[in-house]
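Presented below is the structure to which this report refers.
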Amino acid sequence: MKKVLLPIATAAIALSLFGCDKSGTVSGQVLDAFTGKPIEMPTVWMDSTIYGTQSQNYAYKDMLKEGKFKFEGVSVGSYLIKARRSKYILGQQKFTTTNDNPNLEITLYEYPDTVSPGMYIAGAEGGTKITNNWAIFSTTCKESVAGLRTSFEQDMSASAPSQKGKKTSKKDIKVNKLPEPKVMDASLDVLYCNPGSVTVAVEAAAYPAVAAAVSAHADCQGFDNDKKGIFPDVSKKTELAVEYKAEGLFSVKGNLPKGKQFIVFSSNGKTLQSYYVEVK
């Protein structure tokens with residue numbers, strides 16, 4: 001009896017010392033971040049592993065027609081999985097499987113490489129961009145959050161060849177006025193594209209927009225001929241939730257306070273863009 005028990009005890013000790021890692025199935029789908037529709041025939045792979053849809057031995061090529069993938073026999077552990085297709089921007093995600101949960105279902109997102117920087121409202125037919133009528137880049141203020149000019153004068157003849165003795169007339173001056181704020185719902189659910197921030201986190205927040213004299217903001221430059229501006233009240237900040245979707249693309253959600261607001265996107269303390277909106 002002792003001779004029989006000895007091998008069993010030895011095996012038990014070996015298992016306790018070295019463990020018994022399981023393997024599982026990692027599967028999922030690749031979607032267009034703007035439309036939510038499957039991306040046909042994507043290339044999906046797990047970094048530094050043998051798992052990839054481009055492999056000749058990959059057994060589920062038919063699933064790729066629906067944007068789906070499956071890798072079997074994946075040892076539990078931490079991985080980086082990526083998805084790409086021609087004319088789309090890369091999407092990737094880190095994940096970890098365990099002995100208790102060796103199987104995992106993953107959704108990866110990509111988006112067309114023609115998408116330009118800015119804020120978008122997603123829809124079944126693609127993203128609708130919020131135009132630059134209400135957007136500015138932070139280029140004239142030392143503050144991390146910039147303001148907007150309510151109006152400014154532009155000399156339309158300034159770029160024309162100079163003519164001696166000719167003075168600028170009132171007809172040559174155009175007054176550019178800030179449009180009324182874009183009306184938006186309190187429940188914000190948008191996508192923000194910033195190709196310059198591939199992996200660096202983007203932050204988003206909303207601030208009440210208040211009218212003030214430009215002279216009250218000594219840190220702002222380039223407003224010499226302007227008397228009035230609209231500036232964010234940085235003392236009343238509403239944080240917005242930002243989630244990575246794909247390289248340079250972020251999902252932004254939150255509840256905006258009522259009234260006129262600035263939606264400000266920043267990275268590493270520097271403003272990327274500000275949007276002037278009114279929440280009904």
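Because the structure is predicted, anything quoted here is derived from the model rather than measured.
- Side-chain atoms of Y276 and K182, non-hydrogen and from C-beta on, never get closer than 4.5 Å to each other.
- Taking both residues in full, the closest heavy atoms of S274 and V264 are given as OG-CG2, 3.7 Å, listed atom of the first, atom of the second, then distance.
- Criterion: ILVMFWY side-chain heavy atoms under 4.5 Å apart, direct or through other members. Under it, L80 and L108 are not part of a common hydrophobic cluster.
- Contacts of T131 classified as side chain to side chain donor-acceptor pair (under 3.5 Å), with partners at least two apart in sequence or in another chain: N133.
- Between Y79 and F95, a ring centre-to-centre spacing shorter than 6.0 Å is recorded.
- Counted by atom type alone, Q93 and Y244 present zero donor-acceptor pairs between their side chains at under 3.5 Å.
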Assess whether side-chain contact (heavy atoms from CB on, under 4.5 Å) is satisfied between Q273 and I263, documenting all intermediate values.
CA-CA 8 Å; Q273 273 186 308; I263 299 175; over 6 Å; no
For side-chain contact (heavy atoms from CB on, under 4.5 Å), just list the numbers for S23 and V74, CA-CA rounded to whole Å, side-chain angles, deciding distance to a tenth of an Å, and then say yes or no.
CA-CA 5 Å; S23 62; V74 179; 5.8 Å; no
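- Using a 4.5 Å cut-off on side-chain heavy atoms (C-beta onward), L191 and V115 make no contact.
- Between the side chain of N255 and the backbone N or O of S187, no donor-acceptor pair lies under 3.5 Å.
- By the 4.5 Å heavy-atom criterion applied to side chains, T98 and V76 are not counted as neighbours.
- Pairing each heavy atom of A246 with each of G91, the nearest pair is CB-CA, 4.2 Å.
- Not a single donor-acceptor pair under 3.5 Å links the side chain of N103 to the backbone N or O of G24.
- Across all their heavy atoms, Q261 and P208 have their closest contact at OE1-N, 3.5 Å.
- Here side chain to side chain donor-acceptor pair (under 3.5 Å) pairs that include residues 104-117, with residues two or more places apart or in two chains, are S27-E105, S116-Y120, S116-K129.
- Within the structure, the side chain to side chain donor-acceptor pair (under 3.5 Å) test picks out the following pairs touching residues 52-71 (sequence neighbours left out): Y60-E72.
- The OG atom of S266 sits 4.5 Å away from the CD atom of E203 when rounded to the nearest 0.5 Å.
- Residues V26 and V30 fall within the same hydrophobic cluster, defined by Ile, Leu, Val, Met, Phe, Trp and Tyr side chains chained together at heavy-atom separations under 4.5 Å.
- Note on Y51 and I106: same hydrophobic cluster, where clusters join Ile, Leu, Val, Met, Phe, Trp and Tyr whose side-chain heavy atoms are under 4.5 Å apart, directly or indirectly.
- Annotation: side chain of I89 is not in contact with side chain of L249 (no heavy-atom distance under 4.5 Å).
- Looking at T238 and P257, their side chains come closer than 4.5 Å, going by heavy atoms from C-beta outward.
- For the residue pair S235 / D233, a side-chain donor-acceptor distance below 3.5 Å is found, with atom types taken as modelled.
- When side chains are defined from C-beta on, P112 does not count as touching K87, because their heavy atoms never get closer than 4.5 Å.
- Contacts classified as salt bridge (charged side-chain N to carboxylate O under 4.0 Å, His left out) and involving residues 250-261 (residues at least two apart or in different chains) are not found.
- Between A206 and L256, the shortest heavy-atom contact is CB-CD2, 3.7 Å.
- Placement of V242 and I130 within a single hydrophobic cluster is found when ILVMFWY residues are connected by side-chain heavy-atom separations under 4.5 Å, directly or transitively.
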Would you list the atom pairs, donor with acceptor, under 3.5 Å between side chains in residues 38-48 and any protein atom, with sequence neighbours excluded?
| unit_1 | atom_1 | unit_2 | atom_2 | d |
| --- | --- | --- | --- | --- |
| W45 | NE1 | D47 | OD1 | 3.1 |
| D47 | OD2 | K82 | NZ | 3.2 |

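- Within the model, atoms CG of N194 and CG of L272 stand 5.0 Å from one another, a figure rounded to the nearest 0.5 Å.
- Comment: K280 engages E278 in a salt bridge, judged by a side-chain N to carboxylate O separation of less than 4.0 angstrom.
- With hydrogens and angles disregarded, no donor-acceptor distance shorter than 3.5 Å links the side chain of S78 to the backbone of T96.
- Ring centroids of F265 and Y192 are separated by less than 6.0 Å, placing the two rings close together.
- With sequence neighbours excluded, the residues satisfying ring pair (Phe, Tyr, Trp, His ring centres under 6.0 Å) with F69 are F71.
- Under the 4.5 Å side-chain contact rule for hydrophobic residues, L64 and L31 do not share a cluster.
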